[in-house]
Amino acid sequence: MPELAVVAGATGYVGRYLVRELSDRGYRVRAIVRSRERAEQPGAFGAPSLAGRVEEWCVGDITAPSFVAGTCHGADRVCSALGVTRQKASPWDVDYLANLRLLEEAENASVDSFLFVNVMHAAVGRSLITRSKTAFSEALTRSSTAHQIVNPSAYFSDMSEFLSMARSGFVLLPPGRGVRIAPIHGADLAAYCADRLGDTSGSWDVGGPDVLTFDQVGRLAAAAVGKPCRMIRIPAAAVTAGVWAARRVGGRTAVLAEFLSEGFTRDAIGERWGEHHLEEFFRRSAQEKSA
Ligand SMILES: NC(=O)c1ccc[n+]([C@@H]2O[C@H](COP(=O)([O-])OP(=O)(O)OC[C@H]3O[C@@H](n4cnc5c(N)ncnc54)[C@H](OP(=O)(O)O)[C@@H]3O)[C@@H](O)[C@H]2O)c1
């Protein structure tokens, strides 16, 4: 009988590719989603539909304490790409607490392993997102269940913001001229995660095949859009002031501002992995938009 893998965050950018990859590799997939109807439609940024990929659905709100009961019953593997990005919710409730309840459920169900999609450099971050993820990573590391913690650089989905800016005729660049990232495509990250599934515990930093400065990402976006584009560098003081102002507003604005400002300050590269290149992704996305 093929192994049964539970995927939480299955409707997200990475979660969708993870479900597709696992089903291609012969796993039976149980997907935890808030809406099956949305799951069976194509996702944002080219991410695939889950139609025909899922053997069992668990539909509901994973942040509700009673919901996770039974979600891991009979499963061999659990993978979580669950986390707050654009959603209106507290990262503490989702990235930490919901993942923690899922881990407890996985332990009670004696699954063989638990894989968590984290974010690179989370342990040194001070934003609520990185602190929530680190709190969960620490709980997972203490677990006696075999665990894999995958720490990716930026995703192609997030880089699409540069395309949107380029379409408007300007690209805002973060202050640190030399900071480098290695954006990774969801399909490549899913394959990396699936390769790590198993009984060996560990933590891995991973990025895509191209190491780029934000300036280079901006230029790739401008070239893909094919129209004149101004590059405007945001002064460091403006970022600090923006985070300060966002903290006064509070809520989601503050959470996102703190998280983004962290990402602008240090290289996030990791192991170079994958076949998808950002230049091609931008070119195709720009063509699809103008078609
Ligand atoms: N984006 C990046 O560049 C980047 C880089 C490194 C690491 N990461 C991390 O990688 C993980 C996956 O990222 P992604 O871009 O795939 O994120 P995503 O597209 O926003 O997907 C997140 C998943 O979590 C679920 N979720 C979020 N808030 C929820 C809530 N309140 N209740 C129930 N479900 C909720 C979403 O469900 P719905 O579809 O129903 O909203 C979705 O399935 C995240 O933890 C993210 O922090 C992201």
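Remember, it's 1-based here, ligands and their atoms both numbered in the order they're listed.
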Would you say the side-chain atoms of [X] and [Y] include a donor-acceptor pair closer than 3.5 Å?
X      : Y      : value
Ser157 : Ser160 : no
Ser203 : Asn151 : yes
Tyr27  : Glu21  : no
Gln148 : Ser201 : no
Thr63  : Asp61  : yes

Is [X] close enough to touch ligand 1? Criterion: a residue heavy atom under 4.0 Å from a ligand atom.
X      : result
Ile129 : no
Met159 : no
Ala47  : no

Ignoring angles and geometry beyond distance, decide whether [X] reaches within less than 3.5 Å of ligand 1 through its nitrogen or oxygen atoms.
X      : answer
Thr85  : yes
Ser157 : no
Thr63  : no

Run the numbers for me: atoms of ligand 1, each under 4.0 Å from some heavy atom of [X], listed by number.
X      : value
Arg38  : 38 (P), 39 (O), 40 (O)
Asp158 : 1 (N), 2 (C), 3 (O)
Ala154 : 3 (O)
Gln87  : 20 (O), 22 (C), 27 (C), 28 (N), 36 (C), 41 (O)

query = Heavy atoms, side chains only, cut-off 4.5 Å: are Lys133 and Phe116 in contact?
reply = yes
note = Residue pairs meeting salt bridge (charged side-chain N to carboxylate O under 4.0 Å, His left out), one or both in residues 167-187, sequence neighbours left out, come to Arg180-Asp267
Please report which non-hydrogen protein atom sits nearest to [atom], along with the residue it belongs to and the distance in Å to one decimal place.
atom                    : result
atom 32 (N) of ligand 1 : Arg34 NH1, 3.3 Å
atom 19 (O) of ligand 1 : Tyr13 N, 2.9 Å
atom 26 (N) of ligand 1 : Leu82 CD1, 3.8 Å
atom 22 (C) of ligand 1 : Gly83 O, 3.3 Å
atom 12 (C) of ligand 1 : Ala81 O, 3.5 Å
atom 21 (O) of ligand 1 : Gly12 CA, 3.1 Å
atom 14 (P) of ligand 1 : Tyr155 CE1, 3.9 Å
atom 16 (O) of ligand 1 : Val14 N, 2.9 Å

note = In His277, His276, Arg283, the residue satisfying side-chain hydrogen bond (donor to acceptor under 3.5 Å, both in side chains) with Glu280 is Arg283
message = Using only atom types and a distance under 3.5 Å, with no angle test, would you say the side chain of Gln41 pairs donor to acceptor with the backbone of Ser49?
response = no
When the side chains of residues 2-11 are checked against the rest of the protein, which donor-acceptor pairs come out under 3.5 Å, sequence neighbours left out?
| from | atom 1 | to | atom 2 | distance (Å) |
| --- | --- | --- | --- | --- |
| Glu3 | OE1 | Arg77 | NE | 2.9 |
| Glu3 | OE2 | Arg77 | NH2 | 3.3 |

query = Where the closest heavy atom to atom 5 (C) of ligand 1 is concerned, which of Ser153, Ala8, Pro152, Ala89 has it?
reply = Ser153
inquiry  = Going by the closest heavy atom to atom 43 (O) of ligand 1, which one wins out of Val7, Asp93, Val33, Thr11?
reply    = Thr11
ask   = How are the rings of Tyr13 and Phe45 set relative to one another: parallel (under 30°), tilted (30 to 60°) or perpendicular (over 60°)?
value = perpendicular
Please work out, at 4.0 Å between heavy atoms, whether the side chain, the backbone, both, or neither of [X] comes within that distance of ligand 1.
X      : answer
Lys133 : side chain
Ser35  : neither
Ile62  : side chain

message = Can you confirm whether Glu40 is buried at CD, in the sense that more than 12 heavy atoms of other residues, nucleotides or ligands lie under 6.0 Å from that atom?
response = yes
request  = Show your reasoning for whether ring-ring contact (aromatic ring centres under 6.0 Å, His included) applies to Phe136 and Tyr96.
outcome  = CA-CA 5 Å; Phe136 177 67; Tyr96 176 59; 7.2 Å; no
ask   = Cationic tip of Arg196 within the cone over Trp204's six-membered ring, i.e. under 6.0 Å and within 45° of the normal?
value = yes
